[in-house]
Novice: 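Before we start, here is the structure in question, set down as structure tokens.
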Amino acid sequence: MKVLVINCGSSSLKYQLIDSETEKPLASGLCERIGIDGRLVHKPIAKGLDKVTIEAEMKTHETAIKMVLDALTHKEHGVIENLDEIKAVGHRVVHGGEKFASSVIISEEVIEAIESCNELAPLHNPANLIGIRACQAALPNVPMVAVFDTAFHQTMPEKAFLYGLPLEYYEKYKIRRYGFHGTSHSFVSQELAKAAGLDIKNSKLIVCHLGNGSSISAVLNGKSIDTSMGFTPLAGVLMGTRSGDIDPAIIEYIMKKEQKDIDATMKLLNKDSGVYGLSRNISSDFRDLDQAYREGNKAADNAVQTFCYQVAKYVGAYVAALNGVDAIAFTAGVGENDGRVRELVMAQLSYLGITIDKEANKTRGEEKMISTKDSKIKVYIIPTNEELAIARETVELI
Ligand code: ADP
């Protein structure tokens, strides 16, 4: 079955058309600058052709979707004959609040329920909904599924998701830990169990999703029991540009010292902090930081060392949360590609009986065991594939 996977942002829209039998993408692409001018980059993977760039006015997401569908059915760079071949659409939705603990078939009631979570993700959910509406208009008879970033973590127990605030703030405003990257943590934990020869129903796994945004999760018997991101994706380890966990009183202190208002302070924590800020603005990209470190830059090394230390501390915390661990996965841009980051994290965990296979750790972007055969805990690189995970969920539901 051919499934269209849509990830819609406020001015961009990413897509993949996936064949659910082979689990391979037939085409992928990205619409950018929607509402500004408009550019579609389309990659006809099934035809083995180079990507094509189509510049055309994209006033609305409806126009963007229409251009995507035209590209998919185009005579030269299309990969399907006609739109009837698309049997389902899977939409990534960032926040499902406490309403969605799993993916759902989209109905009017579901759309209303997603709308009611808008307050929790004011930048993302409204954009996701625009994408859903635009697809419904273009493909009125095709079933659609919403797959939530937060859903996988809805199995967290209260003791993991409550903050030490007056309980009425949870009751009135739903302030609690939600966690994000759920599709990735779910997909990677399943693949990790398979790779390590474990029965997921009887396993203790830790997934380190380290990308531009990073989060760690503790997965017990296939269910998330804790994760490092919180009420928003700002929490947990420091990231590309996000601060991660800080003493909340720092916010007031910065506001007074720098005479910043709350918006400017939040921007500082979201956009100017993390490894970017800590490296004196060298970069948020770990490739640049690695190069700077190799050229002797102390601040770049500090930033990466701090990141790895925080990741290792979360892994340690989750060994406690799980009361043990069978296997650990590294995934996403940094986790799949940056051998030095993995080595620094693993070196901090030798007390668990983890030993690194330095040769295997040179691997990039493919599944690989990177602990030695006699390591007490198995450690793997497991490439994440959120689009495939969304396609799988979509097929399962329809
Ligand atoms: P996002 O959170 O945006 O989905 P990704 O998971 O794609 O991010 O990760 C992007 C990050 O991965 C980049 O910012 C970069 O730091 C890192 N990265 C990508 N390739 C490499 C590489 N070869 N070596 C080290 N880091 C890499």
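Read the numbers this way: they start at 1 and go in the same order the structure lists the ligands and their atoms. Because only heavy atoms are used, hydrogens play no part in the values below, and waters and symmetry mates are left out as well, while side chains stay in.
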Novice: Would D70 and K66 pass as an ion pair if we require N to O under 4.0 Å?
Specialist: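 Salt bridge present between D70 and K66.
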Novice: Can D149 and R92 be counted as an ion pair, charged N to O under 4.0 angstrom?
Specialist: yes
Novice: In order of chain and number, which residues sit within 4.0 Å of ligand 1 by heavy atom?
Specialist: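 These residues qualify: G211, N212, G213, D285, F286, R287, A332, G333, V334, N337, D338, R364.
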Novice: Between E191 and K194, is the closest basic N to carboxylate O distance under 4.0 Å?
Specialist: yes
Novice: For Y170, is the NZ or CZ atom of K174 found under 6.0 angstrom from the centre of its six-membered ring and inside 45 degrees of the ring axis?
Specialist: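 Output yes; distance and angle both within limits.
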Novice: Check for a donor-acceptor pair, side chain of R176 on one end and backbone N or O of F231 on the other, with a separation under 3.5 Å.
Specialist: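 Side chain of R176 to backbone of F231: no pair is present.
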Novice: Quick one: pull up OG in S228 and CZ in R177 and give me the separation to the nearest 0.5 Å.
Specialist: 7.5 Å
